[in-house]
Amino acid sequence: MTKGALRLVLGDQLSEGLSALEGLDAARDVVLMLEVRDECTYVPHHPQKIVLILSAMRHFAEALRARGVTVDYVALDDPANTHSFTSEVARAVARHKPEGVIATHPGEWRVLEAMRGWEDALGVPVEIRDDTRFLASLEFFRRWAHGKKALRMEFFYREMRRASGLLMEGDAPAGGEWNFDAENRKRLPRDVIPPPPKRFPPDALTREVMALVGREFPRHFGSLDGFAWPVTAEQAGQALDAFITQRLPRFGDYQDAMAEGEATLFHALISTSLNLGLLDPRDACDAAEASYRRGDAPLNAVEGFVRQILGWREYVRGLYWLRMPGYAKLNALEARRALPEFYWTGQSGMRCMDAALTQTRDMAYAHHIQRLMVTGNFALLAGVAPDAINEWYLAVYADAYEWVELPNTHGMAIHADGGVMASKPYAASGAYINRMSDHCGKCRFDVKGSTGEGACPFNYLYWDFIARHERRFASNPRMSMPLANLRKMEGAKLQAMQAEAKRFLDKHAPLP
Ligand code: FAD
Ligand code: SF4
């Protein structure tokens, strides 16, 4: 029998329609799947994230085999495993002697760099096909970005609405507006109890992987107990259905809210499935639009949800591939401090931070506002070095892959790109957190205080941040309000806050 192609499926490429599987000849081709230690440890990934990926890979391999496809699966505990993609692909080429290797464009720059060297190293043709599981191709994004001074998500999103036809009435946006964000900033009232999201207790295969990961990575941050992520396309579809019927109608209203004891509010918890390829982004948007058309969910909720996927998710991917590799090196605010130890212990004493950090440890999940306006905002104000905070976000969330993590952290949360993504830093004092949550009432710090031991650290860190960057922000019209307030402030008050900030930062986030 003549050998066919070796078709590589990476851990976040678990989609039936993957480009690397197009034209697969089950009689001749071999699908190669690799569990390699390098990928589990290049940052210390949360154990739930490793279990999720390995379990979903094993389920995917089983499904392929059930269709009669030959799968060469190299398990993590295979004694012959050399634990890097490049050396494992080389071993597989030696085993199968294929006429060529077919892969899909990976989600991380460093993997693409490695793949580009394979053809020379392996001595067989290597075809890297586009990843077609997104709503915008990289070419579409490049064309949109070409010649533009500012790459604002909002304008990209409108192009995507037009191109996809989602939530459109002819040429006009449904409801007459592109964006209903202004309606989506409500605090969670006491009598609104979000329905729990659908969770998936581990089956036998997942439990086996949990034992393996517990043995192999005992020191990685995060708990394995309570693992309940969807690991198959079928489960991902069930999670989406449950979200659409139970949570979508109020997703918009409470999209920016935070609440004590409510880790997930009305969020969808589908990023892990989307990013692994278990769920198709177009299906998620279509399901939300259908709910609106049926009259089951209001437009502010549906537009808000569609914007996250059709807008933000596609935009950050486009930006990542447009700007890498230089993007990761930017450090516009010259941030140099160490990551505070409490990001790993969850014991900062700040109620809002500890809520986000402990749920991150327990679930490998925090919702967007916790990531942006609590842990991200803190890192921005404190001036934590980009590499340190990027590594943390990449390690601790079950949905984290560099194409989506880096722009969100580097660009949106810590403004390291100097404004490529956001026209101003997302910097906020305790007042914002108090407005959007009920954490402050139970915190040992006083959200109204700005100096002294008991003052909310977000307050003095905020003014220290604005004062530190006063000259840099002077040319940004969107920073004129905080700068005007800074200039009106009594000198003694500012000095006291700066002294408090220095004391706090030197203790928790020292300079190198
Ligand atoms: P929902 O709030 O229910 O939103 C629905 C979907 O929209 C999400 O599943 C996600 O696919 C998409 N989405 C929403 N916001 C964004 C966004 N800003 N960028 C891209 N997609 C978005 N998302 C990741 O998938 N992986 C990451 O590594 C990641 N890192 C982040 C780091 C920081 C500092 C910040 C501020 C955000 C990050 N995000 C990341 C975006 C966002 O926080 C998560 O997508 C979201 O919290 C996932 O939870 P959910 O499925 O319940 O989302
Ligand atoms: Fe967070 Fe400050 Fe509120 Fe405490 S008082 S919960 S530290 S914002």
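Each ligand, and each atom within it, is numbered from 1 in the order the structure gives. Positions are given from 1, in the same order as the sequence printed here. Just so we're clear, the structure is a prediction, and the values are computed from it rather than from any experiment.
Using a distance-only test at 3.5 Å, with no hydrogens or angles considered, no donor-acceptor pair links the side chain of Asp506 to the main chain of Pro510.
In terms of protein heavy atoms, atom 39 (N) of ligand 1 is closest to Asn408 ND2, 3.6 Å. Scanning all protein heavy atoms for the shortest distance to atom 15 (N) of ligand 1 gives Gln308 OE1, 3.3 Å. With respect to atom 25 (O) of ligand 1, the closest heavy atom belonging to the protein is Asn275 ND2, 2.9 Å. Protein heavy atom nearest atom 10 (C) of ligand 1, with residue, atom name and distance: Ser271 CB, 4.1 Å. For atom 20 (C) of ligand 1, the closest non-hydrogen atom on the protein side is Arg313 CA, 3.5 Å. Nearest protein heavy-atom neighbour of atom 40 (C) of ligand 1: Arg371 NH1, 3.5 Å. Remark: minimum distance from atom 42 (C) of ligand 1 to any protein heavy atom is reached at His368 ND1, 3.4 Å. Scanning the protein for heavy atoms near atom 28 (O) of ligand 1, the closest one is Ala400 CA, 3.1 Å.
Trp403 and Phe134 have their aromatic ring centers within a separation under 6.0 angstrom. Taking the six-membered ring for Trp, Phe378 and Phe342 have ring centres closer than 6.0 Å. Checked against the 6.0 Å centroid criterion, the rings of Phe251 and His267 qualify as a close aromatic pair. Ring centroid separation for the pair Phe243 and Phe266 does not come in under the 6.0 Å cut-off.
Atoms of ligand 1 found under 4.0 Å from any heavy atom of Leu269 (numbered from 1 in listed order, with element): 50 (P), 51 (O), 52 (O). Residue contact check: Phe305 has heavy atoms under 4.0 Å from atoms 5 (C) of ligand 1. Which parts of ligand 1 touch Ala366 is read off a 4.0 Å heavy-atom cut-off, strictly below it: atoms 47 (O). Counting atoms of ligand 1 from 1 in the listed order, those under 4.0 Å from a heavy atom of Phe251 are 1 (P), 2 (O), 3 (O). Interface atoms of ligand 1 facing Leu372, defined by a heavy-atom separation under 4.0 Å, are 36 (C). Ligand 1 places these atoms under 4.0 Å from at least one heavy atom of His267: 1 (P), 2 (O), 3 (O), 52 (O). Per-residue contacts place Met412 under 4.0 angstrom from the following atoms of ligand 1 (heavy atoms of the residue considered): 18 (N).
Of the polar atoms of Ile270, at least one N or O is found under 3.5 Å from an N or O of ligand 1, judged by distance alone. At under 3.5 Å, a nitrogen or oxygen of Ala268, whether backbone or side chain, sits near a nitrogen or oxygen of ligand 1. Among the atoms of Thr409, none of the N or O lies under 3.5 angstrom from an N or O of ligand 1. Considering backbone and side-chain atoms together, Trp312 places no N or O closer than 3.5 Å to any N or O of ligand 1.
Sequence neighbours left out, the pairs with a member in residues 424-453 that pass side-chain hydrogen bond (donor to acceptor under 3.5 Å, both in side chains) are Glu260-His439.
The CG atom of Leu167 sits 4.5 Å away from atom CD of Glu289, with the distance rounded to the nearest 0.5 Å. Separating the SG atom in Cys352 from the CD atom in Gln370 is a distance of 9.5 Å, to the nearest 0.5 Å.
Ranked by closest heavy atom to atom 24 (C) of ligand 1, the top entry among Ile309, Val404, Leu240, Leu248 is Val404. For atom 49 (O) of ligand 1, the choice among Tyr365, Tyr393, Trp392 with the nearest heavy atom turns out to be Tyr365.
Inspection of the environment of atom 2 (Fe) of ligand 2 yields the following protein N, O or S atoms under 2.8 Å: Cys456 SG.
Taking the six-membered ring where the residue is Trp, Phe504 and His508 present tilted rings, their angle falling between 30° and 60°.
Contact of the Leu151 side chain with the Leu319 side chain is registered, since non-hydrogen atoms from C-beta on lie closer than 4.5 Å. Side chains of Pro386 and Leu333 form no contact here, defined as non-hydrogen atoms less than 4.5 Å apart.
Cation-pi geometry between Arg185 and Tyr254 is not met: the NZ or CZ atom fails to fall both under 6.0 Å from the ring centre and inside 45° of the normal. Both tests pass for Arg199 against the ring of Trp229: distance under 6.0 Å to the centre and angle within 45° of the axis.
In this model, no donor atom of one side chain and acceptor atom of the other lie less than 3.5 Å apart for Ser223 and Arg361. Between the side chains of Tyr365 and Thr360, not a single donor N or O lies within less than 3.5 Å of an accepting N or O.
Under the side-chain hydrogen bond (donor to acceptor under 3.5 Å, both in side chains) criterion, Arg250 pairs with no residue at all, not counting sequence neighbours. With sequence neighbours left out, the side-chain hydrogen bond (donor to acceptor under 3.5 Å, both in side chains) criterion links Asp253 to Lys186, Asn300.
Counting only heavy atoms, the protein never gets under 4.0 Å from atom 53 (O) of ligand 1.
Contact annotation: for Gln255 versus ligand 1, there are no heavy atoms closer than 4.0 Å.
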